[in-house]
Amino acid sequence: MADTATTLPPAHRAPRFDVRTILTRYGAWIALVLLILVNLAITPNFATWQTLNVNLTQVCAIVIVGVGMTLVIATGGIDLSVGALMAIAGALAPLIFLGKLFPLPHPAIGIALAFILPVLAAAALGWFNGWLVTRLRIQPIIATLVLFIAGRGIAQVFTNGNLQVFNLPSFQFIGLGRVFGIPFQAILMIFIVATAAWMLRRTVFGRQILAIGGNEKAARLSGIPVASVKKRVYLISGFLSGIAGLIVIARNSAADANLVGLGMELDAIAAVAVGGTLLTGGRATIIGTLVGALIIQLVRYTLLANGVPDAAALVAKAAIIVLAVWLQRQSYR
């Protein structure tokens, strides 16, 4: 009688609950939910439309700039010039619709040009950053440092260092207008986030961005036009910075080249890091950047609303960034 052997199917093990994996994947969402619950418990008048509007209007510019920063970081780069580009766009717009830059045949034309030309100028300067990175082979942090230093000076030259105050509802709609009670800038922010998230996941251009950030040499060998993709990414970052600059000056009813966009590059990088985008490139999440910006804004609001000095909010922001980067390292390992 021949020997027979039976093979039993391997027993299925129940998936192990790994706290570190959960925190790595969903840490930003968990932190956002916890912040909301803490504020509901301790912050007076948190669950009101006024509080929601305040936080939305404070976070919109950060998210819009953060979307462009996410795309740049996804390629393995960084953009330190976003705040300066906001200042340039914010300085140009009042000069245009007030007729100080060139004569206008009609005020409506000045308003239209004030929306178009400053954003195009910021986009062109963003493309210049990409040109420095790709053509001259300058490290992104150095290439964008050029406009970080010179950009705000350019804006101050345009305005002679003067504060430009204005009252023009048709232009200020981008920062103060409402559609069905919702701030227009929040609607614009959601549209930009949704479009960028779709582009990153569903288009060839989005896959090229991630491929370059993952392994630039392999991407080049596979036929991806690395230089062209990088230039477009920096152009998009400049374009979105220009939009954010218009929102800020419209909201403030004034353009100050010294203050518009000041420190925005740090807030945008922080939102990207907290949201889960890999800072070395190759992995990015636009929705995560939105969540990261909301977390940073809520931390600041929570501390200020409960009587904690603004300096403590900066310390808390730094601690959040350190935690986010640590979680990224755990995920990479």
task = Begin from the C-alpha positions of Phe148 and Asp79 and carry the test side chain to side chain contact (heavy atoms under 4.5 Å, CB included) through to its verdict.
result = CA-CA 9 Å; Phe148 172 82; Asp79 190 353; over 6 Å; no
request  = Begin with the C-alpha distance, continue with both residues' side-chain angles, and end with the deciding distance and a verdict on side-chain hydrogen bond (donor to acceptor under 3.5 Å, both in side chains) for Thr43 and Asn306.
outcome  = CA-CA 7 Å; Thr43 303; Asn306 289 278; 3.2 Å; yes
inquiry  = Apply side chain to side chain contact (heavy atoms under 4.5 Å, CB included) to residues Ile243 and Ile247 and explain how you reach the verdict.
reply    = CA-CA 6 Å; Ile243 293 176; Ile247 290 174; 4.2 Å; yes
request  = Please report the C-alpha distance between Gln164 and Leu95 in whole Å, then the side-chain angles of each, then the deciding distance to 0.1 Å, and finally whether the side chain to side chain contact (heavy atoms under 4.5 Å, CB included) criterion is met.
outcome  = CA-CA 8 Å; Gln164 300 181 93; Leu95 292 175; 3.2 Å; yes
query = Between Leu80 and Ile269, is a side chain to side chain contact (heavy atoms under 4.5 Å, CB included) present by the stated rule, with each step listed?
reply = CA-CA 9 Å; Leu80 298 181; Ile269 294 170; 4.1 Å; yes
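The nearest pair of heavy atoms linking Ala143 to Asn129 is O-OD1, 3.8 Å. The two residues Gly83 and Met264 have their closest heavy-atom pair at CA-CB, 4.3 Å. The two residues Thr159 and Ala91 come nearest to each other via the heavy atoms CG2-CB, 3.7 Å. What you find for Ala293 and Val63 is that their closest heavy atoms are CB-CG2, 3.5 Å. Minimum heavy-atom separation, Leu40 to Ala47: CD2-CB, 3.7 Å. Between Gly126 and Leu85, the shortest heavy-atom contact is N-CD1, 4.3 Å.
Gln297 contributes atom CD, which lies 5.0 Å from atom CG of Asn55 (distance to the nearest 0.5 angstrom). Going from atom CD1 of Ile111 over to atom CG of Leu168 covers 4.5 Å, rounded to the nearest 0.5 Å. Note that the CG atom of Leu235 and the CZ atom of Phe128 stand 13.5 Å from one another [nearest 0.5 Å]. Here OG1 of Thr134 is found 7.5 Å from CH2 of Trp127. Values are rounded to the nearest 0.5 Å. Here CG of Asn167 is found 6.5 Å from OG of Ser253. Values are rounded to the nearest 0.5 Å. To the nearest 0.5 angstrom, Ile236 atom CD1 is 6.0 Å from Ile209 atom CD1.
Listed by chain and residue number, nothing satisfies the salt bridge (Lys or Arg N to Asp or Glu O under 4.0 Å) test with Arg207 (two or more places apart in sequence, or in another chain). Remark: Phe239 engages no residue in a ring-ring contact (aromatic ring centres under 6.0 Å, His included) (not counting sequence neighbours). Applying the side-chain hydrogen bond (donor to acceptor under 3.5 Å, both in side chains) rule to Thr48 yields the partners Thr51; only residues at least two apart in sequence or on another chain are considered. In this view, Arg300 and Asp310 satisfy the salt bridge (Lys or Arg N to Asp or Glu O under 4.0 Å) rule, not counting sequence neighbours.
Taking the six-membered ring where tryptophan is involved, the planes of Phe184 and Phe173 are tilted, since the angle between them lies from 30° to 60°.
Contact check for Leu290 versus Met189: side-chain heavy atoms found under the 4.5 Å cut-off. In this structure, Cys60 and Leu188 have side chains that are not in contact, with every pair of non-hydrogen atoms separated by 4.5 Å or more. Side-chain atoms of Asn258 and Arg152, non-hydrogen and from C-beta on, never get closer than 4.5 Å to each other. Counting only heavy atoms from C-beta outward, the side chains of Gln208 and Pro225 approach each other to under 4.5 Å. Put simply, the side chain of Leu210 does not reach to within 4.5 Å of the side chain of Arg283, judged on heavy atoms. The side-chain heavy atoms of Tyr301 and Leu35, taken from C-beta on, include no pair separated by under 4.5 Å. Side-chain contact between Gln185 and Leu56: absent, with no pair of heavy atoms (C-beta onward) separated by less than 4.5 Å. Residues Ile36 and Leu298 meet the side-chain proximity criterion, which asks for heavy atoms closer than 4.5 Å.
Among pairs with a residue in residues 191-206, none fulfils side chain to side chain donor-acceptor pair (under 3.5 Å), at least two apart in sequence or across chains. Screening residues 57-70 for side chain to side chain donor-acceptor pair (under 3.5 Å), with sequence neighbours left out, gives Thr70-Thr289.
Under a hydrophobic-cluster definition in which Ile, Leu, Val, Met, Phe, Trp and Tyr are linked whenever side-chain heavy atoms come within less than 4.5 Å, directly or via other members, Ile149 and Val260 are assigned to the same cluster. Both Ile295 and Phe46 are assigned to one and the same hydrophobic cluster, defined by single-linkage of ILVMFWY side chains at heavy-atom distances under 4.5 Å. At a threshold of 4.5 Å between side-chain heavy atoms, the hydrophobic network of Ile, Leu, Val, Met, Phe, Trp and Tyr places Ile192 and Met199 in one connected group. In this structure, Leu303 is not a member of the same hydrophobic cluster as Leu266, with clusters built from ILVMFWY side-chain heavy atoms closer than 4.5 Å. Hydrophobic clustering places Leu98 together with Phe158 (ILVMFWY residues linked when any side-chain heavy atoms are closer than 4.5 Å, directly or through intermediates).
Under a 3.5 Å cut-off, the side chain of Thr277 and the backbone N or O of Thr285 do form a donor-acceptor pair. The closest donor-acceptor contact from the side chain of Glu265 to the backbone of Ser81 lies at 3.5 Å or more, if one exists at all.
Partner of Met86 under the side-chain contact (heavy atoms from CB on, under 4.5 Å) criterion, chosen from Ile249, Ile64, Val248: Val248.
Centroid-to-centroid, the aromatic rings of Phe115 and Phe171 come within less than 6.0 Å.
For Phe102, the CZ atom counts as densely surrounded, since its 6.0 Å shell holds more than 12 non-hydrogen atoms of other residues, nucleotides or ligands. Within a 6.0 Å sphere centred on CD1 of Ile141, other residues, nucleotides and ligands contribute 12 heavy atoms or fewer.
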